[in-house]
A.B. asks: 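Before we start, here is the structure in question, set down as structure tokens.
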Amino acid sequence: MSQTDISSALLEQHVKHELAALKGAKLQKFVKRELDELLAMGDAVPLSRICSQEQVMGVIRRVVMNMELDGGIPELAGEMAAEVMKAPVQSTTELKDILSRDQATAFLEEILELREHRERVISELMAHPVYQELVSNVVYHGLINYLYEDNVITKKVPGVGSMMKFGKRIANRAVPGLDETFERRIKAWLSDSLPGLIMRSEEFLHKALSDEEVHDSVMAAWMSLENRTIGDLRQGLGEIQLQEFVVLGYEFWLNFRQTDYFEGCCLAVVEHLFEKYGDQPFNTLLSDVGVDRAVILAESDALLLPLMDVLRKEGYLEALLRRRLTPFYRSAAVKKILQS
């Protein structure tokens with residue numbers, strides 16, 4: 001038998017050996033053995049030897065921040081969101097099945113602890129020009145309505161309201177612009193009185209929105225909603241609007257991921273990760289996030305073994321082994337061994 005025939009025969013036997021080892025119980029045994037070896041190494045090798053802070057940030061910048069994303073992503077996300085909203089589970093799942101009353105109460109109590117933030121929001125709302133204009137218009141129209149229609153005299157004495165309106169028209173004819181002058185004076189008075197009105201409004205809201213009042217109001221609203229299905233709660237949100245929200249969210253993400261703020265947040269997280277775990281064995285990090293041998297083996301049985309079966313049946317594994325081993329068995333080193 002020639003050297004070429006011998007090397008070819010060795011190659012064939014090696015490929016068969018590897019294919020048999022990557023199947024069924026042998027593959028499971030191999031995975032368990034190598035996993036034990038890796039975990040033993042993970043007890044001795046720190047995170048900083050496996051990867052560096054700069055390498056992790058490089059991956060984030062390349063993959064998360066700068067990678068070009070295809071335009072089909074928002075379309076697919078919109079379609080999937082629409083399918084989720086149409087799923088039968090929407091009409092059979094009640095809000096309390098997703099968020100219990102105890103959980104809602106816990107969230108509310110934590111929010112109520114942010115009293116300083118609530119007071120600041122109220123103060124900022126009171127100082128907003130839109131709110132001030134709203135208060136001014138409400139007071140003005142309420143005052144005008146009271147003077148001509150809703151005061152005690154016009155209600156108790158028949159005909160007085162009509163006489164007041166009639167007198168107003170006659171006065172405007174006799175003194176043109178009287179109505180405008182009256183309106184300017186009222187608005188000038190409102191302008192002078194507005195800071196006091198806003199201040200009293202703010203004081204009222206601070207007192208009215210006590211922790212007890214907010215708690216009782218929110219929980220009352222929650223109890224009126226907790227027995228309604230998700231399908232009921234999303235009424236009015238059609239597929240078109242949902243897809244538009246998905247597109248808006250996608251466009252926001254594309255811009256947000258490239259901001260200095262996002263990069264700064266990622267950098268803070270990575271720096272803390274390496275500060276805490278950089279000199280610790282890698283297994284310490286795995287343990288703290290709940291990943292152990294049992295978890296890895298369970299996912300291996302669920303994902304890796306079926307995938308290897310498919311790759312073997314489709315011929316990929318054999319082709320891979322041949323691409324990997326053939327150059328070795330045809331190398332000068334093997335020929336030299338066979339010659340000797």
Side-chain angles (χ1 to χ4, degrees), residues 7 10-67 69 253 257-258 260-334 336-337:
S7 63
L10 289 172
L11 171 62
E12 293 301 320
Q13 291 302 314
H14 196 168
V15 170
K16 290 180 180 179
H17 170 79
E18 294 295 338
L19 285 175
L22 295 174
K23 180 181 180 181
K26 290 184 178 181
L27 178 58
Q28 284 182 313
K29 184 178 180 180
F30 168 76
V31 170
K32 290 178 181 179
R33 182 177 64 248
E34 295 306 317
L35 176 60
D36 289 339
E37 293 292 330
L38 285 172
L39 291 177
M41 185 181 69
D43 282 329
V45 178
L47 174 64
S48 57
R49 280 195 60 193
I50 297 175
C51 61
S52 67
Q53 177 178 316
E54 291 74 19
Q55 287 174 317
V56 175
M57 280 304 300
V59 172
I60 292 175
R61 291 189 180 99
R62 291 190 300 273
V63 177
V64 180
M65 297 176 61
N66 298 321
M67 187 175 71
L69 301 177
W253 165 245
R257 68 179 183 148
Q258 294 185 329
D260 294 338
Y261 175 80
F262 178 77
E263 183 175 6
C265 292
C266 292
L267 182 60
V269 171
V270 173
E271 286 178 345
H272 180 71
L273 179 70
F274 277 84
E275 180 181 349
K276 184 172 183 179
Y277 294 104
D279 297 328
Q280 298 289 324
F282 182 70
N283 285 359
T284 302
L285 173 59
L286 292 181
S287 176
D288 285 355
V289 297
V291 177
D292 57 15
R293 184 178 185 275
V295 170
I296 298 174
L297 284 178
E299 298 307 317
S300 172
D301 291 341
L303 299 174
L304 177 61
L305 300 184
L307 175 61
M308 294 295 284
D309 285 339
V310 172
L311 295 179
R312 186 181 60 259
K313 291 175 181 177
E314 293 297 321
Y316 173 81
L317 276 183
E318 181 176 352
L320 171 64
L321 291 170
R322 291 186 181 281
R323 287 193 297 269
R324 181 68 178 169
L325 298 177
T326 298
F328 170 74
Y329 283 101
R330 292 179 180 176
S331 66
V334 171
K336 185 176 180 181
I337 293 173

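Computed from heavy atoms alone, side chains included, the values below leave out hydrogens, waters and symmetry copies. In what follows, residues are counted from 1 in the order of the sequence shown.
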A.B. asks: Which pairs would a plain distance check flag for residues 13-32, meaning a side-chain donor or acceptor within less than 3.5 Å of a matching protein atom at least two apart in sequence or in another chain?
C.D. replies:
from  : atom 1 : to     : atom 2 : distance (Å)
His14 : ND1    : Tyr329 : OH     : 2.8
His14 : NE2    : Glu18  : OE2    : 3.3

A.B. asks: Hey, could you give me the CZ/CG distance between Phe262 and Leu267, rounded to the nearest 0.5 Å?
C.D. replies: 12.0 Å

A.B. asks: Tell me the closest heavy-atom pair linking Leu47 and Tyr277, and the distance in Å.
C.D. replies: CB-O, 3.4 Å

A.B. asks: Any chance you could measure Leu325, atom CG, to Ser7, atom OG, to the nearest 0.5 Å?
C.D. replies: 12.5 Å

A.B. asks: As an exercise, state the distance from CG of Leu320 to CG of Leu311, rounded to the nearest 0.5 Å.
C.D. replies: 9.0 Å

A.B. asks: Drop me the distance from Cys266's SG to Tyr261's OH, to the nearest 0.5 angstrom.
C.D. replies: 10.5 Å

A.B. asks: Is any side-chain heavy atom of Phe274 less than 4.5 Å from a side-chain heavy atom of Cys51?
C.D. replies: yes

A.B. asks: How long is the span from the CD atom in Gln258 to the CE atom in Met65, to the nearest 0.5 Å?
C.D. replies: 7.0 Å

A.B. asks: Considering residues at least two apart in sequence or located in another chain, which fulfil the side-chain contact (heavy atoms from CB on, under 4.5 Å) criterion with Pro281?
C.D. replies: Thr284

A.B. asks: What are the two closest heavy atoms between Gln53 and Val270, and how far apart are they?
C.D. replies: CG-CG1, 3.6 Å

A.B. asks: Write down the atom of Ala302, the atom of Pro306, and the distance for their closest heavy-atom approach.
C.D. replies: O-CG, 3.5 Å

A.B. asks: Output all residues satisfying side-chain contact (heavy atoms from CB on, under 4.5 Å) with Asp43, sequence neighbours left out; order by chain, then residue number.
C.D. replies: Asn283

A.B. asks: Considering only residues two or more places apart or on different chains, which pairs with a residue in residues 288-307 satisfy salt bridge (charged side-chain N to carboxylate O under 4.0 Å, His left out)?
C.D. replies: Asp36-Arg293

A.B. asks: Using 0.5 Å steps for rounding, measure from the OG atom of Ser48 to the CD atom of Gln280.
C.D. replies: 10.0 Å

A.B. asks: Scan for salt bridge (charged side-chain N to carboxylate O under 4.0 Å, His left out) pairs involving residues 304-327, sequence neighbours excluded, and state none if there are none.
C.D. replies: Glu12-Arg322, Asp309-Arg312, Glu318-Arg322

A.B. asks: Closest heavy-atom contact between Gly278 and Pro46?
C.D. replies: O-CB, 3.5 Å

A.B. asks: Quick test of your reading: applying salt bridge (charged side-chain N to carboxylate O under 4.0 Å, His left out), list the pairs with at least one residue in residues 47-67, sequence neighbours left out, ordered by first then second residue.
C.D. replies: Arg61-Glu263

